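These notes are about the structure you will find just below.
Source: prediction; values computed, not measured.
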Amino acid sequence: MVEKYKFISNSLSMIVNKLAQSITAFVLSAAIARALGAEALGQYLLAYSYYFIFVGIASQGLKILFTRELAREPQKTPVYLMSGTCLQLIFSFFSYAALVIVVFLLPYSSKTSTVCYIVGLTIIPFALSNITEAIFQAKEKMHLIAISTVPIYILRLIIMIWAMQLKYGIEYLGAILFFSETLILVIEWIFITRLVQIQWQIDRGFILKTIKNARTFFAIEAIAVVSDRIQILILSLLGNEFLVGLFGAITQLLQPFLIIANSITLAIFPRFLKSVYQGKDKQKQISEKIIEILLMIGLPLFLGLLFFGKNLLVLIYESDFAEANTALSLSAMSLLFLPFTRTLCYVLVANHFEVVNLREVVITTTLGSLGGVALVSQYHLLGAGIMVLLMAIIAFSQYVYFTYTLLFPLNLSRIIRRPVVISTLMVVIFLILKKINLDFLFTLIIATSFYIFFMIFITINALGGIHVVWQKIIKNR
């Protein structure tokens with residue numbers, strides 16, 4: 001029971017953290033589009049994409065490695081904290097230098113390049129905070145991450161919107177991003193000093209050993225972050241910042257699902273690590289349940305975007321963004337495959353099959369990039385949408401195949417039963433709402449309310465019915 005409550009607490013903490021990050025980014029994108037236009041939004045998203053790629057290369061590999069090793073050897077936390085932070089700082093400086101060189105060599109305007117340089121500075125504080133967050137995650141104290149980040153995300157959004165109202169440009173938004181992430185790093189260190197006994201020394205042997213052990217993780221994350229942003233990079237080089245802005249609007253509409261999926265899988269990762277010693281049946285049970293939960297979110301969201309995607313783009317951004325509707329529908333189809341890839345990649349890492357993840361991201365990125373260049377050059381924004389779907393299918397095929405051959409087969413009929421039920425019910429609601437043609441804001445509220453009701457009903461039914469759930473509530477009082 002304690003383990004269950006700990007999992008729920010950690011999951012909620014990660015979801016709150018990531019949702020706050022997603023919602024504030026979502027609102028900021030809409031604010032930039034309305035205040036400064038699609039081209040300015042494209043400049044900001046392009047700069048953020050380069051930052052995302054190079055900070056991922058510099059830090060994500062270490063974060064995953066440290067989380068795994070600290071879950072097994074918590075007594076070594078002080079060493080990981082100090083020596084890991086030193087190593088991360090070195091990687092951060094090299095990563096920022098690489099970003100500056102790459103942007104300088106590419107044919108961007110001086111303003112776009114300047115925005116990239118300023119936003120890129122955020123690599124340093126964000127990468128360093130990944131070390132403290134890896135410790136919080138390994139110790140299953142994810143609530144400290146939410147406490148450190150969520151208030152800053154909200155404050156940052158308010159300051160950025162205020163700055164745009166005062167007619168400050170994109171460059172100033174980049175500077176605000178840098179200072180806010182620095183503040184988060186300071187807050188997390190205040191918490192870490194109360195959680196860990198600090199040892200003010202650097203273990204060179206540990207650093208060298210970590211570099212050796214993290215090579216596969218670095219390769220995986222480097223290719224993965226490039227894969228995640230490759231559409232924007234190709235659009236910026238073969239198209240322009242305006243198309244980047246339109247595609248950015250599409251990705252922002254898909255972000256809520258991605259944030260929830262990442263939060264749940266990150267929170268369950270320590271459980272995956274422990275289940276390795278409990279047998280493959282236990283791993284299969286946990287994996288299928290997580291995939292089912294994510295499909296119950298992703299499949300109805302895809303159908304909703306299929307019915308009302310154009311209305312949503314116009315409501316949140318402007319009428320100019322309506323032309324991105326077809327590309328949005330194609331990109332949203334990836335929601336059918338992401339629950340599998342997000343879950344199974346962590347299962348494979350827990351079982352020391354990182355090489356499979358590396359192989360997957362190499363194949364997916366290579367094929368997706370080659371196809372993307374052809375698609376974007378020919379179909380522009382629509383080509384980018386097809387590219388998102390193509391890469392999702394390629395990744396899904398590989399993860400399901402390698403999980404089947406190396407670990408266990410998935411029971412697909414059991415996984416999709418409840419997601420199909422709730423999606424069928426939502427299609428009925430969507431058809432009715434489409435027929436009666438209400439104001440879209442009311443349509444959105446009604447559809448969301450029915451979805452929540454159906455989710456509650458199916459969850460209660462899965463737990464044994466209303467009487468069983470009620471008895472459990474009374475018993476726990």
Side-chain angles (χ1 to χ4, degrees), residues 2-3 5-25 55-56 58-89 91-92 121-159 176-203 206 210 259 262-271 273:
V2 174
E3 287 291 322
Y5 284 131
K6 185 180 290 186
F7 167 68
I8 293 173
S9 173
N10 288 328
S11 296
L12 287 176
S13 296
M14 295 302 292
I15 289 173
V16 168
N17 171 50
K18 295 300 183 181
L19 274 180
Q21 189 178 33
S22 177
I23 291 170
T24 53
V55 78
S59 65
Q60 284 301 109
L62 282 181
K63 183 176 182 180
I64 294 175
L65 176 65
F66 283 8
T67 301
R68 189 182 76 177
E69 298 305 317
L70 284 170
R72 296 171 176 169
E73 301 176 310
Q75 70 276 9
K76 293 186 178 181
T77 300
V79 178
Y80 278 86
L81 176 61
M82 292 307 301
S83 300
T85 298
C86 177
L87 179 61
Q88 185 65 87
L89 184 62
F91 285 160
S92 300
L121 283 170
T122 314
I123 289 172
I124 298 169
F126 186 89
L128 293 177
S129 68
N130 266 350
I131 302 299
T132 55
E133 290 180 8
I135 294 173
F136 293 148
Q137 187 179 336
K139 291 183 175 293
E140 298 189 68
K141 293 186 179 294
M142 282 80 147
H143 64 281
L144 294 178
I145 299 176
I147 294 171
S148 303
T149 57
V150 172
I152 303 302
Y153 292 153
I154 297 171
L155 179 62
R156 178 171 72 197
L157 175 64
I158 294 171
I159 294 173
I176 294 169
L177 178 68
F178 167 72
F179 286 114
S180 65
E181 290 295 338
T182 303
L183 180 57
I184 288 173
L185 175 62
V186 172
I187 295 171
E188 289 186 348
W189 262 87
I190 292 173
F191 285 126
I192 210 74
T193 54
R194 299 180 180 182
L195 189 65
V196 178
Q197 185 68 38
I198 306 295
Q199 295 179 3
W200 299 99
Q201 59 184 17
I202 306 299
D203 187 335
F206 170 84
T210 299
I259 294 299
N262 287 337
S263 300
I264 292 175
T265 51
L266 277 174
I268 200 66
F269 186 45
R271 188 70 60 83
L273 293 170

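Annotation: side-chain contact (heavy atoms from CB on, under 4.5 Å) contacts of T24 (sequence neighbours excluded): Y153, L157. A search for side-chain contact (heavy atoms from CB on, under 4.5 Å) contacts involving L183 returns I152, I187, not counting sequence neighbours. Here E181 pairs with R156 under the side chain to side chain donor-acceptor pair (under 3.5 Å) rule; sequence neighbours left out. Take E188 and apply the salt bridge (charged side-chain N to carboxylate O under 4.0 Å, His left out) test, not counting sequence neighbours, and it matches no residue. With sequence neighbours excluded, the residues forming a side chain to side chain donor-acceptor pair (under 3.5 Å) with T149 are N17, listed by chain and number. For T85, the side-chain contact (heavy atoms from CB on, under 4.5 Å) test picks out L81, L128, I131, W189, with sequence neighbours left out. Under the rule for a side-chain contact (heavy atoms from CB on, under 4.5 Å), the partners of P78 that lie at least two apart in sequence or sit in another chain are V196, Q199.
To the nearest 0.5 Å, atoms CG (L195) and CD1 (I135) are separated by 8.0 Å. Atom CD1 of I176 and atom CD1 of I158 lie 12.0 Å apart (nearest 0.5 Å). Atom CG in L87 sits 4.0 Å away from atom CZ in F91 (nearest 0.5 Å). Note that OG1 of T132 is 11.5 Å distant from CD1 of I190, once rounded to the nearest 0.5 Å.
Counting heavy atoms from C-beta on, the side chains of F126 and I184 never come closer than 4.5 Å.
Residues V55 and A127 come closest through the heavy atom pair CG2-N, 4.0 Å. Of all heavy-atom pairs spanning L89 and I124, the tightest one is CD1-CG2, 4.1 Å.
Remark: side-chain polar atoms of E133 are not paired, donor with acceptor, to backbone N or O of L144 under 3.5 angstrom.
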